[in-house]
Asker: 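First the structure, then my questions, so here it is.
Being a predicted model, the structure only gives us computed values, none of them experimental. Naming: A, B, ... by sequence-line order, numbering from 1 per chain.
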2 protein chains.
Amino acid sequence: MGAEEAQTEKLIKDTAKVLFFQKGLLKATTQEIADEAGVNRALIHYYFRSRDQMLDILLEETIQEKKGRVKRILSSELPFRLKIAHFIDAVVDYGLTYPYLENFLISEMARQPDKLKDFCARDRVKSSDLIREQLEEEIRKKRMAPITAEHFMINLSAMCNYPLLAKSILQTIHGMTDSAYRKFLMDRKQIIYTTIFNEDMPELTHKKELQY
Amino acid sequence: MGAEEAQTEKLIKDTAKVLFFQKGLLKATTQEIADEAGVNRALIHYYFRSRDQMLDILLEETIQEKKGRVKRILSSELPFRLKIAHFIDAVVDYGLTYPYLENFLISEMARQPDKLKDFCARDRVKSSDLIREQLEEEIRKKRMAPITAEHFMINLSAMCNYPLLAKSILQTIHGMTDSAYRKFLMDRKQIIYTTIFNEDMPELTHKKELQY
DNA sequence: TTTGCGTTTAACAAAATTGTTAAACAAAAT
DNA sequence: ATTTTGTTTAACAATTTTGTTAAACGCAAA
């Protein structure tokens, strides 16, 4: 349709993101993506040259966005516990959109370790570094048991991300509908906070300022 | 070599398990498996008819074994906290062998949900049911904060399994060698226990009796 | 030693998937 | 109206992967 910008390109990318990161179809073919987007398969090669290059772009974009949100929260001026509460909130919320994102990244790393090494290293600006000082002060003040920043962040990431990665398993075992699963994840925000701090999670204000 | 039992069949299965569940190569082809095992590709079809059927068998066998170990521990007569300590120990140890097992299961569920539904449901005899009573007593006695058995088990599974699923990511970010990663996982056993119970993990006796 | 049976292989056929190309098309600019 | 530009498509070629088959092989029992 002539000069209609990168509209179609975005349509393809968004469709592919849904198949890969939301529905967990790691092996979705270019044909399946094209069908889902309602375009011809050759278009994908026109815009992205190859399936692999498209995948790189999708991963790059999506992970950068997620990491951006997280980093914005962890490097904010909030007090420690409130910061962690916002982290939990943001990671779980984002996971509702793309539950299989990390799952996908993991598979790709096994397939082409070299390519993703630097990408991953550059990207994952160790989040543990962003909370180390505050965490250590918290421990010094005897407000929580001693733990390294690395293990603390991994505990936190684990409890937030695992139910996302394992979405299909959890839904099957407990016979949850999509909306039940959604509610289950919302409950978990509280649970995770309480498991770590042994107290109720505070109300979250400033949510919007921290999103972008 | 004549009457040499199902020796070769086992060789192929073990090789495939290593590629799929240990190295995380979800897309390993029948050719790659055959090469790695040092046999001709057609052998795989001779023994398993198709790649998909072999995959089913591998998943079935491996998950059953892992679940067997876990269930044996959770349905033992041990006191609650010791039981959980053994659970952590067993899951992390098994994960050192096949870190990508769950990752693989998750991907397969997205690909063929129906086939794995009953398999998964029958298999995952909700572990939360096996600890509910003891957990509730623990809470009644005010020895820990209130939490449902489901969320408790998911917290636990998350902290044990996530570092396994995310093996490649963690190793890359923190520049860990295989042996460093191994040590890191061993440390985590303590960390996980302490995060949940706010006390040091007890010594584990009876390890052998609980393994089989 | 030869017959039989499980095991192993190479060669072939079929299917699925990716990547390329040249032509058709539609809208905007000239 | 025609040219131009970017977009879209169908048809084709190449590659990869899977699945089949018939024959060869080696050991053990007859």
Asker: Examine D:dT9: is either OP1 or OP2 under 4.0 Å from a nitrogen or oxygen in the side chain of A:Y46? Give yes or no.
Answerer: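 Looking at the OP1 and OP2 atoms of D:dT9, neither is under 4.0 Å from any side-chain N or O of A:Y46.
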Asker: Decide whether A:Q22 and A:K17 meet the rule of one side-chain donor and one side-chain acceptor closer than 3.5 Å.
Answerer: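 There is no such pair (donor and acceptor under 3.5 Å, judged by atom type) between the side chains of A:Q22 and A:K17.
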Asker: Tell me: CD1 of B:I44 to P of C:dT9, nearest whole Å?
Answerer: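 After rounding, the gap between these two atoms is 11 Å.
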Asker: Quick one: A:D52 CG to D:dT16 P, roughly how many Å, whole number?
Answerer: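 For the pair A:D52 CG and D:dT16 P, the rounded distance is 13 Å.
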Asker: For A:T8 and D:dT8, is the shortest distance between a side-chain N/O and OP1 or OP2 below 4.0 Å?
Answerer: yes
Asker: Tell me whether the OP1 or OP2 atom of C:dT17 has a side-chain N or O from A:T29 closer than 4.0 Å.
Answerer: no
Asker: D:dG19 C1' sits how many Å from B:F48 CZ, rounded?
Answerer: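 Taking CZ of B:F48 and C1' of D:dG19, I get 15 Å after rounding.
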Asker: Rounded to whole angstrom units, what separation is found between the CZ atom of A:R41 and the C1' atom of D:dA10?
Answerer: 11 Å
Asker: Round to the nearest Å and state the distance from A:Q7 atom CD to C:dA26 atom P.
Answerer: 17 Å
Asker: Flag the pair A:Y100 / A:F20 as yes when their ring centroid distance falls below 6.0 Å, and as no otherwise.
Answerer: no
Asker: Name the closest nucleotide to the B:Y47 side chain, picking from C:dT7, C:dT20, D:dT7.
Answerer: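 Between C:dT7, C:dT20, D:dT7, the one nearest the side chain of B:Y47 would be C:dT7.
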Asker: In whole Å, I'd like the distance from the CZ atom of A:R51 to the P atom of D:dT16.
Answerer: 15 Å
Asker: Is a side-chain donor-acceptor pair under 3.5 Å present for A:D52 with A:Q112?
Answerer: no
Asker: Identify whether the distance between the nearest side-chain nitrogen and carboxylate oxygen of A:R69 and A:E65 falls below 4.0 Å.
Answerer: yes
Asker: Just how far, in rounded Å, is P of C:dC25 from CG of A:N40?
Answerer: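 That distance rounds to 15 Å.
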Asker: Report the distance from atom CG of A:L43 to atom P of C:dT18, rounded to the nearest whole Å.
Answerer: 15 Å
Asker: Counting only Watson-Crick pairs (N1-N3 plus N6-O4 or O6-N4) and G-U wobbles (N1-O2, O6-N3), all under 3.5 Å, who is the partner of D:dT4?
Answerer: C:dA27
